[in-house]
Number of protein chains: 2
Amino acid sequence: MGEASIPDATAARLPRYLQALRRAGQAGAVTLSSDQLARASGTSAAKVRKDLSCLGSHGTRGVGYPVAALAAELARVLGLDEGRPVVLVGAGNLGRALAAYGGFERGGFRVAAVIDADERIVGRTIAGHRVRSAEELPAVLTGTAATMAVITVPDTAAQSVADTLVAAGVTAILSFATIYLDVPEHVRVRRVDLATELQLLSFYEQADEDVPAAAG
Amino acid sequence: MGEASIPDATAARLPRYLQALRRAGQAGAVTLSSDQLARASGTSAAKVRKDLSCLGSHGTRGVGYPVAALAAELARVLGLDEGRPVVLVGAGNLGRALAAYGGFERGGFRVAAVIDADERIVGRTIAGHRVRSAEELPAVLTGTAATMAVITVPDTAAQSVADTLVAAGVTAILSFATIYLDVPEHVRVRRVDLATELQLLSFYEQADEDVPAAAG
DNA sequence: GTATGTGAAACGCTTCACAGCA
DNA sequence: TGCTGTGAAGCGTTTCACATAC
């Protein structure tokens with residue numbers, strides 16, 4: 001059949017394959033070999049083949065993978081067939097930047113609403129959306145049928161926002177707060193944290209200095 | 001001894017431990033058990049103990065880990081002893097938001113310079129830094145001795161910026177571009193991508209819908 | 001000839017279970 | 001009694017190598 005059950009490590013790479021395929025398609029490519037796809041998505045050819053074999057056999061031996069068909073298949077598996085509604089909570093610097101960044105639309109999503117607790121911001125228009133107040137959050141979620149949310153509020157408010165979101169039926173949260181959110185088991189949270197990423201890079205820099213003979 | 005060689009999976013969790021410890025310390029905690037630390041950093045007690053054992057024995061049986069001493073040790077291992085200089089390339093919406101976000105300082109870093117190619121932005125002051133032109137990049141890197149950089153420029157410019165950074169001695173890059181950067185082996189790149197994160201969340205939502213019997 | 005699809009081996013990470021120490 | 005530190009077992013991921021198909 002198709003995707004019986006996809007390993008976590010594979011799932012985490014599917015969005016990157018989709019991105020690489022779309023870019024290659026826009027550049028005019030009709031087929032891509034596992035090696036080319038690996039290069040464009042920063043993995044290895046063996047991983048690409050193993051990963052894509054989870055979705056069924058879409059490649060042609062001696063030729064490669066059909067760019068358009070595989071991109072469509074990946075979009076389907078990822079649940080991106082139609083612009084999925086996402087609610088953005090927090091219209092501060094970061095929230096506004098993300099809304100303007102275009103990452104939502106580029107990724108196949110639709111900003112269904114923008115929410116902020118600060119009354120000075122409520123009513124403004126950001127990325128074509130009138131910012132709505134925190135009190136409206138439950139009603140907005142019901143109205144838009146959104147089950148995905150992005151949180152860019154300060155740490156102190158993040159847990160309370162998450163609780164409200166979960167109570168209103170949200171099951172997937174992308175959080176830019178630095179704290180670890182406590183949510184029910186059926187809710188998926190992914191965290192993005194600038195400081196953590198930089199610190200990890202810092203660690204590897206230091207480690208490489210200590211052992212400079214690695215690439216003898 | 002100390003950290004003979006730290007596994008990748010462990011290294012990736014060290015920043016989270018540090019964050020949790022600093023927060024607990026500010027809240028007045030003196031010691032933390034592996035279970036408490038696990039809860040605060042979103043992992044498991046077994047992982048915490050295994051991870052921290054890589055750094056040597058810093059815990060006390062029957063008591064837990066000393067918050068202040070362990071935080072200091074982690075900061076040392078991560079190379080955060082003094083505010084490490086980081087160069088921010090790209091002063092658009094996202095770059096400005098990150099600079100204002102406070103993630104650099106909170107993480108133990110210092111913004112050494114802000115760079116942008118847009119002449120309309122050059123000369124403005126962002127987070128206390130006068131934005132400098134792209135031509136100044138090599139000189140700025142030499143002058144600040146920065147080896148870490150954050151890239152928030154458009155995809156089309158990202159590879160060229162990365163090349164310049166690498167040529168000027170940068171060995172760690174945090175990129176918000178969606179493309180995969182091609183860099184020499186000794187350079188570490190970490191990518192943060194809103195669309196990828198959302199797509200992965202979307203996949204798990206869809207998967208959970210298809211198999212709703214998972215949690216009996 | 002060229003590139004996919006896939007079993008099998010190798011590797012690393014996580015979990016378990018408990019000895020050891022305060 | 002409570003919690004750390006750690007060998008060993010269990011599990012998932014990556015890599016390898018090659019049969020298979022175009």
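In what follows, chains carry the letters A, B, and so on, assigned in the order in which the sequence lines appear, proteins first and then strands, with residues in each chain numbered from 1. Source: prediction; values computed, not measured.
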Return no unless some side-chain N or O of B:S34 is found under 4.0 Å from OP1 or OP2 of D:dT4.
yes
Report yes if at least one side-chain N or O of B:S33 is closer than 4.0 Å to OP1 or OP2 of D:dC3; otherwise report no.
no
In short, B:A97 meets A:N93 closest at the heavy-atom pair CB-O, 3.6 Å
Whole-Å distance between [N] [atom2] and [X] [atom1]?
X: B:D35; N: C:dT15; atom1: CG; atom2: C1'; result: 15 Å
X: B:I6; N: C:dC13; atom1: CD1; atom2: P; result: 12 Å
X: A:L52; N: C:dG5; atom1: CG; atom2: P; result: 8 Å
X: A:H58; N: C:dT6; atom1: NE2; atom2: C1'; result: 16 Å
X: B:D51; N: C:dG12; atom1: CG; atom2: C1'; result: 13 Å
X: B:L37; N: D:dC3; atom1: CG; atom2: C1'; result: 13 Å
X: B:Y65; N: C:dA22; atom1: OH; atom2: C1'; result: 14 Å

Keeping the roles fixed (side chain from [X], backbone from [Y]), state whether a donor-acceptor pair exists under 3.5 Å.
X: B:R188; Y: B:A172; value: no
X: A:Q206; Y: B:R76; value: yes
X: B:S44; Y: B:K47; value: yes

May I ask you to test the A:R22-A:L18 pair for a side-chain heavy-atom distance under 4.5 Å?
yes
Between B:L174 and B:V192, is there a side-chain heavy-atom distance shorter than 4.5 Å?
yes
Between A:R23 and B:D155 (salt bridge meaning N to carboxylate O under 4.0 Å), is one present in this structure?
yes
Salt bridge flag under 4.0 Å for residues B:R84 and A:E205
yes
Report which part of the nucleic acid B:D8 touches: base, sugar-phosphate, or nothing (heavy-atom distance under 4.0 Å, all strands).
sugar-phosphate
Could you walk me through whether A:Y17 and A:D51 satisfy the side chain to side chain donor-acceptor pair (under 3.5 Å) test, starting with their C-alpha distance in whole Å, then the side-chain angles of each, then the deciding distance to 0.1 Å, before giving a yes or no?
CA-CA 10 Å; A:Y17 296 148; A:D51 288 346; 2.6 Å; yes
Hey, could you give me the OH/CD distance between A:Y180 and B:Q19, rounded to the nearest 0.5 Å?
14.0 Å
What is the distance from atom CG of A:L194 to atom CG of A:L94, rounded to the nearest 0.5 Å?
9.5 Å
Scan residues 22-29 of chain A against DNA chain C and write down, sorted by residue number, each residue with any heavy atom closer than 4.0 Å; if none is found, say none.
none
Expected string for nucleotides 15-22 of chain D under the B/S/- scheme (protein heavy atoms, under 4.0 Å, primed atoms plus P, OP1, OP2 as sugar-phosphate) is B-B-BBBB
Terminal axes of the helix from C:dG1-D:dC22 to C:dA22-D:dT1 (five pairs each): angle between them, nearest 10 degrees
10°
